[in-house]
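As structure tokens, the structure follows; a few thoughts come after it.
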Protein chains: 2
Amino acid sequence: MSKVKTKPRKASVSADKVAELAGVSRSAVSRAFTDGASVSPETRAKVLAAADQLGYHVNHLARGLLWHRTGIVCLIVAGMQAPFQASIVEIITRRLQAIGKVVMVLNTSGEAEGVEAALRQTLNYRADATVVISGTPPASLVKTCLENGQRVILINRADPIKGPEFISVENRTPALEACLMLKRAGCRRVAVINSTAGTPGLEMREKTFVEAAAEHGLEVSVSRAGPTGYQTGVDSARQVLATSRRPDGVFCVTDLLALGFMDTARLEFRMNIPEDLCVIGFDDIPEAGWLGYELTTFRQPLSEIADHIVAIVEKEDAEPGQPVVLPTQVVWRKTVRP
Amino acid sequence: MSKVKTKPRKASVSADKVAELAGVSRSAVSRAFTDGASVSPETRAKVLAAADQLGYHVNHLARGLLWHRTGIVCLIVAGMQAPFQASIVEIITRRLQAIGKVVMVLNTSGEAEGVEAALRQTLNYRADATVVISGTPPASLVKTCLENGQRVILINRADPIKGPEFISVENRTPALEACLMLKRAGCRRVAVINSTAGTPGLEMREKTFVEAAAEHGLEVSVSRAGPTGYQTGVDSARQVLATSRRPDGVFCVTDLLALGFMDTARLEFRMNIPEDLCVIGFDDIPEAGWLGYELTTFRQPLSEIADHIVAIVEKEDAEPGQPVVLPTQVVWRKTVRP
DNA sequence: TTGTAGGCGTTATCAG
DNA sequence: CTGATAACGCCTACAA
């Protein structure tokens with residue numbers, strides 16, 4: 001934790017100056033900017049005018065010092081540039097801003113170490129709450145956050161830590177459903193395309209699908225060719241489709257994997273989708289709806305996730321509620337025969 | 001600016017408590033956490049142990065009060081979920097974190113009003129700097145930021161405001177180059193696909209391309225079917241390709257437009273790319289490199305943009321430097337005949 | 001309704 | 001090397 005030493009910058013205009021210019025006291029200035037404080041319209045007007053002239057803005061940081069609430073919510077995320085992560089950050093920032101919060105984004109490598117460092121920052125800035133989208137923080141640190149009155153919200157994590165709030169999406173039901181959809185489409189040999197990430201959600205989807213497939217008498221294989229992303233979908237397809245026993249149906253635990261898989265199947269193996277190969281994804285990222293893909297997938301309920309986050313951030317008592325598990329929704333498009 | 005009234009939360013552990021537990025003074029605690037301060041290893045160890053036991057973390061907000069620097073950099077952006085925006089946010093957050101800054105993301109609607117509100121927040125939180133990726137803030141407000149010692153950095157904005165720092169990407173050269181590339185590929189009738197956004201950069205690309213095309217004796221048309229995005233590319237293609245005088249080469253001012261255009265041309269108009277139609281994009285978003293597209297495009301130098309942002313954030317003097325205009329780089333893929 | 005005094009958590013300054 | 005003290009900018013009693 002190295003601190004770079006630098007000279008202080010020019011001070012910004014404070015309430016003192018405004019008070020002086022307006023010919024009132026510091027408190028009057030404070031009150032003019034506090035909702036529901038008792039100020040005469042006159043005084044208030046004078047203060048506002050002076051503030052405007054000087055370019056004064058209330059210092060939320062100093063204010064947070066007194067209130068023990070900063071209005072800051074931290075978002076810990078890795079690989080924000082990926083479509084799903086980008087979408088979730090987009091909607092969360094928007095919703096939190098709507099309730100007067102401001103979002104601090106901490107971009108981690110996703111590794112445990114990075115998440116831990118990010119969570120420390122969270123403490124340093126006295127965030128009111130922290131939302132962890134990627135990675136799992138150490139339980140001890142989560143405890144510290146909680147003790148400091150900070151809410152901790154874990155998204156799509158099923159880790160058995162006690163203390164934080166959990167919001168996640170169903171994994172078993174859609175994985176099961178995917179298997180059924182492929183079977184109904186007449187597929188005999190299926191495959192799960194996963195990544196090496198080892199995220200609990202992805203693992204659960206894979207496991208459930210494999211079990212269901214076996215149970216339904218489907219030949220099933222698993223591929224994990226690399227990190228979660230388009231290229232891994234490509235690599236998986238190259239491996240999986242090159243074998244003598246090509247699958248005729250695949251469940252990709254992520255849309256991005258599915259898109260890479262589809263492109264490769266079509267362009268390098270000249271397969272037709274869904275005639276020769278059925279593909280199912282997960283997430284419903286915007287790209288899945290593009291004309292070139294029209295991927296059948298499971299939609300993550302981003303809006304509902306955001307709703308729950310907002311509710312947790314706003315609630316008064318710090319007691320964590322029951323874990324929230326949200327259902328996904330099948331989005332039927334054109335990569336699976338009906 | 002309504003402030004919701006809420007009870008203060010539980011106070012978090014402060015240096016006082018740590019000092020008490022460690023049996024030293026507040027100052028000692030402070031020094032233990034300050035790089036290069038003179039503390040005996042002993043004292044330091046005691047403090048650190050106590051801090052760890054109590055879960056103490058330095059309050060950066062209180063610290064910022066003294067230093068007039070908070071370590072916060074604000075990022076004003078609209079439509080973060082779009083690939084290009086997501087990529088730039090990703091790289092900027094990463095780089096700024098690397099120099100010990102923390103990024104606050106303000107998601108605006110992109111309208112002037114939203115940008116203004118976002119910039120006000122920036123002031124409220126005493127950010128060291130603000131990076132505006134989307135939209136143009138009012139000049140007066142920028143002035144206020146500057147006066148408060150806050151750096152203001154505008155990305156891809158050519159607005160004639162005085163005061164902020166400008167980092168942008170060349171628009172004329174690539175637009176010109178695009179025209180030449182299409183001509184060399186044997187195109188006779190070309191089109192520019194733009195959006196209704198009216199961003200200075202996009203306008204410049206369109207204008208330059210149109211002029212160049214006319215100069216080179218190419219028949220040229222312009223389409224602006226909606227906001228910047230995939231769907232607008234689709235809509236443009238439906239309009240432009242349905243006419244009797246179909247273009248055989250298009251320059252899309254954004255990759256996303258190009259991808260929508262390509263999908264529509266291929267699937268709805270059964271055109272082959274690049275045989276029947278050459279397509280050039282701009283930005284080089286990850287999707288442009290996907291097997292299904294292999295779009296020839298101009299790469300925005302995200303890394304260099306981030307470099308300049310970091311340099312500006314770190315520099316001591318507040319004087320704005322010369323506007324920085326970065327060159328783009330052609331990425332030859334497969335949508336233009338060589 | 002207004003002003004004054006005290007404190008929030010931290011660091012810089014100055015004695016010791 | 002250590003501890004007391006005075007800021008930083010703000011809010012909230014309290015008294016006027």
Side-chain angles (χ1 to χ4, degrees), chain A residues 3-20 22-47 51 54-71 123-127 148-149, chain B residues 3-20 22-47 51 54-71 123-127 148-149:
Chain A
K3 254 122 225 163
V4 186
K5 201 146 197 180
T6 41
K7 294 173 195 165
R9 295 220 177 141
K10 177 168 49 171
S12 51
V13 26
S14 70
D16 264 338
K17 309 249 179 188
V18 178
E20 194 179 350
V24 297
S25 70
R26 278 170 298 264
S27 354
V29 177
S30 172
R31 281 191 277 260
F33 283 97
T34 307
D35 263 10
S38 64
V39 212
S40 71
E42 259 182 9
T43 309
R44 193 186 154 85
K46 269 195 298 186
V47 169
L54 260 41
Y56 169 75
H57 287 76
V58 177
N59 187 333
H60 278 29
L61 273 26
R63 175 181 274 187
L65 223 48
L66 282 307
W67 286 1
H68 297 293
R69 327 172 104 245
T70 54
L123 256 3
N124 285 327
Y125 282 97
R126 299 295 191 268
N148 285 353
Chain B
K3 254 123 224 158
V4 186
K5 200 145 201 182
T6 40
K7 294 173 196 167
R9 294 217 180 145
K10 178 169 47 174
S12 49
V13 26
S14 69
D16 263 337
K17 310 249 179 189
V18 179
E20 193 180 350
V24 297
S25 68
R26 275 175 300 264
S27 326
V29 176
S30 172
R31 281 191 278 262
F33 284 97
T34 305
D35 262 12
S38 63
V39 211
S40 71
E42 256 180 14
T43 309
R44 193 186 153 85
K46 268 194 300 186
V47 170
L54 261 41
Y56 169 75
H57 287 76
V58 177
N59 188 333
H60 278 30
L61 274 26
R63 176 185 271 185
L65 222 49
L66 281 307
W67 286 3
H68 297 292
R69 327 172 102 248
T70 53
L123 257 2
N124 285 328
Y125 283 95
R126 298 297 191 265
N148 285 353

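Order of the sequence lines sets the chain letters (A, B, ...), proteins ahead of strands, with each chain counted from 1. These numbers were taken from a predicted model, which means no experiment stands behind them.
The separation between B:L54 atom CG and C:dG9 atom C1' is 15 Å, rounded to whole Å. Whole-Å rounding puts the A:R26 CZ to D:dT12 P distance at 16 Å. Atoms CG (B:N124) and P (D:dC10) sit 10 Å apart, rounded to a whole Å. Taking atom NZ of A:K17 as the reference point, atom C1' of D:dC10 lies 16 Å away to the nearest angstrom. The interatomic distance linking A:H68 (NE2) with C:dT10 (C1') rounds to 14 Å, in whole Å. Between B:Y56 atom OH and C:dC8 atom P the separation is 14 Å, expressed in whole Å. As a whole-Å value, the separation of A:D35 CG from D:dT12 C1' is 16 Å. A:F33 has its CZ atom 14 Å from the C1' atom of D:dC11, to the nearest Å.
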**Message:** Checking B:V39 against B:K46 for the side-chain contact (heavy atoms from CB on, under 4.5 Å) test, could you report, in this order, the C-alpha distance in whole Å, the side-chain angles of both residues, the deciding distance, and whether it holds?
**Reply:** CA-CA 11 Å; B:V39 211; B:K46 268 194 300 186; over 6 Å; no
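Within the 4.0 Å cut-off from OP1 or OP2 of D:dC10, not a single side-chain nitrogen or oxygen of A:S30 is found. Taking 4.0 angstrom as the limit, A:Y125 places none of its side-chain polar atoms (N or O) nearer than this to OP1 or OP2 of C:dT10.
When each of A:P41 and B:S12 is assigned the nucleotide of DNA chain C with its nearest heavy atom, A:P41 is the one assigned upstream, toward the 5' end. Residue whose closest nucleotide on DNA chain D sits further toward the 5' end, between B:A37 and A:N59: B:A37. In this structure, B:S40 and B:L65 both approach DNA chain D, and ranking their closest nucleotides by distance from the 5' end singles out B:S40.
Across all strands, B:S38 comes closer than 4.0 Å to base atoms (heavy-atom distances). Counting any heavy atom pair closer than 4.0 Å across all strands shown, A:V29 reaches no nucleic acid atom.
When distances are taken from the side chain of A:T43 to each of D:dT5, D:dG9, C:dT1, the shortest belongs to C:dT1. The listed nucleotides are C:dT1, C:dT4, D:dC10; the one nearest the side chain of A:S25 is C:dT4. Checking D:dT2, C:dT2, C:dG7 against every side-chain atom of B:R31, the shortest atom distance belongs to D:dT2. For B:A15, counting side-chain heavy atoms from C-beta on, the closest listed nucleotide (D:dC10, C:dT11, C:dT10) is C:dT10. Here the nucleotide nearest the side chain of A:A28, chosen from C:dT2, C:dG3, D:dT2, is C:dG3. Side chain of B:W67, nearest nucleotide from C:dT11, D:dC10, C:dG9: C:dT11.
Side-chain atoms of B:R44 come within 3.5 Å of backbone N or O of B:A32 as a donor-acceptor pair.
Counting atom types as modelled, B:S27 pairs a side-chain N or O with a base atom of D:dA4 as donor and acceptor under 3.5 Å. Counting atom types as modelled, B:R126 pairs no side-chain N or O with a base atom of D:dG9 as donor and acceptor under 3.5 Å.
Here the shortest heavy-atom pairing between A:Y125 and A:T70 reads O-CG2, 3.9 Å. Considering all non-hydrogen atoms of both residues, A:R31 and A:S38 come closest at CD-O, 3.7 Å.
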